[in-house]
Amino acid sequence: GYVPERQSRRLAVGDRVGLRRYGSFGVRVSAQIVELAPTLEAAPARLSAKLTLPFFVRRVVIRMDQPQALLPGESFYVSLH
């Protein structure tokens, strides 16, 4: 997945995070960051299509503590524990 540039500066491999689906007031899922890209990149079109200024993100791989049924490309709010 991707996190916005500003949020990515606070993340590190091994950090514990909480995930919550967009548009959901459901349960927060516990997870851990297992990979973090060393550089920023331009956001994919899906994330920046409505923006007029460039938007940069950092790729992150997060492993959930418990298996979850997910859709490819599904978006989540990511919060630090």
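Numbers here simply count residues along the sequence, with the first being 1. All of these numbers come straight from a predicted model, not from anything done at the bench.
The distance from atom CD of Gln32 to atom CG of Asp65, rounded to the nearest 0.5 Å, is 7.5 Å. Atom CG of Leu36 and atom CZ of Arg58 lie 3.5 Å apart (nearest 0.5 Å). From Ile33, atom CD1 reaches atom OG of Ser8 across 10.0 Å, with rounding to the nearest 0.5 Å.
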Practice task
Take Arg59 and Glu35, measure what salt bridge (Lys or Arg N to Asp or Glu O under 4.0 Å) needs, and give me the verdict at the end.
Solution key: CA-CA 8 Å; Arg59 189 180 54 77; Glu35 186 178 326; 2.9 Å; yes
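Following chains of ILVMFWY side-chain contacts shorter than 4.5 Å, one cannot reach Leu11 starting from Phe56, and the two form parts of different hydrophobic clusters. Two different hydrophobic clusters hold Tyr77 and Val61 under the rule that ILVMFWY side chains link at heavy-atom gaps under 4.5 Å. Taken together through direct or relayed side-chain contacts under 4.5 Å among Ile, Leu, Val, Met, Phe, Trp and Tyr, Val13 and Val78 form part of one hydrophobic cluster. Under the 4.5 Å side-chain contact rule for hydrophobic residues, Val60 and Tyr2 do not share a cluster.
Side chain of Arg21 to backbone of Phe76: no donor-acceptor contact under 3.5 angstrom is found. Between the side chain of Gln7 and the main chain of Pro4, no donor-acceptor pair closer than 3.5 Å is present.
The shortest side-chain heavy-atom distance between Leu19 and Arg28 does not fall under the 4.5 Å cut-off. Two residues are said to be in side-chain contact when any heavy atoms from C-beta on lie closer than 4.5 Å; Val57 and Glu41 meet this criterion. Looking only at side-chain heavy atoms (C-beta outward), Asp15 and Leu80 come within less than 4.5 Å of each other. Inter-residue side-chain proximity for Leu70 and Met64 is flagged as met; some heavy-atom pair is nearer than 4.5 Å. The closest side-chain heavy-atom distance from Gln66 to Val29 is not below 4.5 Å.
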